[in-house]
Amino acid sequence: MTTPTSKTPGSATPSTVGSAGPVTGSVAPARLADDTTQGKTTIAASVVQKIAGIAAREISGVFAMGGGVSRAFGAIRERIPGGGAGASNIAGVQVEVGEKQAAIDLDIVVEYGASIVELARAVRRNVITAVERMTGLEVIEVNIAVNDIHLPDADDEGELPVTQPARVE
């Protein structure tokens, strides 16, 4: 790999944000998104993961992201100080990022009554558009797994005994 040289004396050389020293050749999570004579831009896989998660939740009919187990672990992780930071806190979103392409896997919970086929199309279209527009990476596939369906009655279960009169006084 060649390092871009500066044509003007005294100008700053390109560096990676947050690095404590010289940049080495093994920056595993970050991928090349743009390489020009003026420098290069890298995008971490966690950035693509967050963009995809937000874009999926923007679609009406998506109740939650992740399966039951990943949502439970996510809720526990959020309560631990410092546990909510990092790429692992995006429940239901897995990404594989190369130098120019990305593949995304989503696990979603759908609201009852929504057309799953139409919802999946809308989620896929929104995720691809958001990731490609914001990162410049080509999204080659978005795999969607519907793990559960949210029933509106599930939130109202605690209210039924209150409306019935007591049998004994």
Go through it in stages, so that I can follow the logic: the residues are V97 and Q49, the test is side-chain contact (heavy atoms from CB on, under 4.5 Å), and I'd like the CA-CA distance, side-chain angles, deciding distance and then a yes or no. CA-CA 10 Å; V97 181; Q49 189 178 28; over 6 Å; no
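Checked against side-chain hydrogen bond (donor to acceptor under 3.5 Å, both in side chains), N143 has the following partners two or more places apart in sequence or in another chain: D105, E141. For Q101, the side-chain hydrogen bond (donor to acceptor under 3.5 Å, both in side chains) criterion is met by E138, not counting sequence neighbours. Considering only residues two or more places apart in sequence or on other chains, E96 meets the side-chain hydrogen bond (donor to acceptor under 3.5 Å, both in side chains) condition with none of them. In this view, E132 satisfies the side-chain hydrogen bond (donor to acceptor under 3.5 Å, both in side chains) rule with no residue, not counting sequence neighbours. The side-chain contact (heavy atoms from CB on, under 4.5 Å) check on V142 picks up I104, L106, R124, V127, I128, V139, I144, with sequence neighbours excluded.
One N or O on the side chain of N126 and one on the backbone of A55 form a donor-acceptor pair closer than 3.5 Å.
Linking ILVMFWY side-chain heavy atoms closer than 4.5 Å, directly or via other members, places I140 and I51 in two distinct hydrophobic clusters. In the hydrophobic cluster analysis, where Ile, Leu, Val, Met, Phe, Trp and Tyr join through side-chain heavy atoms closer than 4.5 angstrom, V146 is grouped together with V123. V109 and I54 are not part of a single hydrophobic cluster, where members link through side-chain heavy atoms under 4.5 Å apart.
Rounding to the nearest 0.5 Å places OG1 of T42 at 11.0 Å from CD of E99. Note that CD1 of I108 and CD1 of I149 are 10.5 Å apart. Values are rounded to the nearest 0.5 Å.
Between A52 and V93 the shortest heavy-atom distance is CB-CG1, 4.1 Å. The shortest non-hydrogen separation linking L119 to G61 is CD2-O, 3.6 Å. Across every non-hydrogen atom of L137 and A102, the tightest pair is CD1-CB, 4.4 Å. The two atoms that bring G92 and M65 nearest to each other are O-CE, 4.0 Å, heavy atoms only.
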Mind listing the side-chain donor-acceptor pairs of residues 110-118 below 3.5 Å, one per line with the distance, residues two or more places apart or on another chain?
| residue | atom | partner | partner atom | Å |
| --- | --- | --- | --- | --- |
| S115 | OG | E118 | N | 3.4 |

